[in-house]
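Reviewing the structure listed below.
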Amino acid sequence: MNDAEPQIEAETAAPKELSPAARRALAEAEARREAYRAQEAKLPREIGGRGGKEPGRYGDWEIKGLTSDF
């Protein structure tokens, strides 16, 4: 048996070049996130509330990833 540990060389892969469409999609997603955060910051803070994000923010009632539509 060989007690020596095998040497594993870490591969240093070059970062993948994104296509223009992928860059545009990432920029659009970031713009949507910023707009959502700005809109969320305008809402008044709830005192003594349940905490966390607004459960009706997507038009459905959502708690812990489970949604219900009434």
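Side chains included, hydrogens not; waters and symmetry mates left out as well; all remaining heavy atoms used.
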Tell me whether Glu28 is salt-bridged to Arg23, with the criterion being a basic N under 4.0 Å from an acidic carboxylate O.
no
Rounded to the nearest 0.5 Å, how far does CD of Gln39 lie from NZ of Lys42?
7.5 Å
Give, for atom CZ of Arg24 and atom CG of Leu26, the distance between the pair rounded to the nearest 0.5 Å.
11.0 Å
Can Glu34 and Arg37 be counted as an ion pair, charged N to O under 4.0 angstrom?
yes
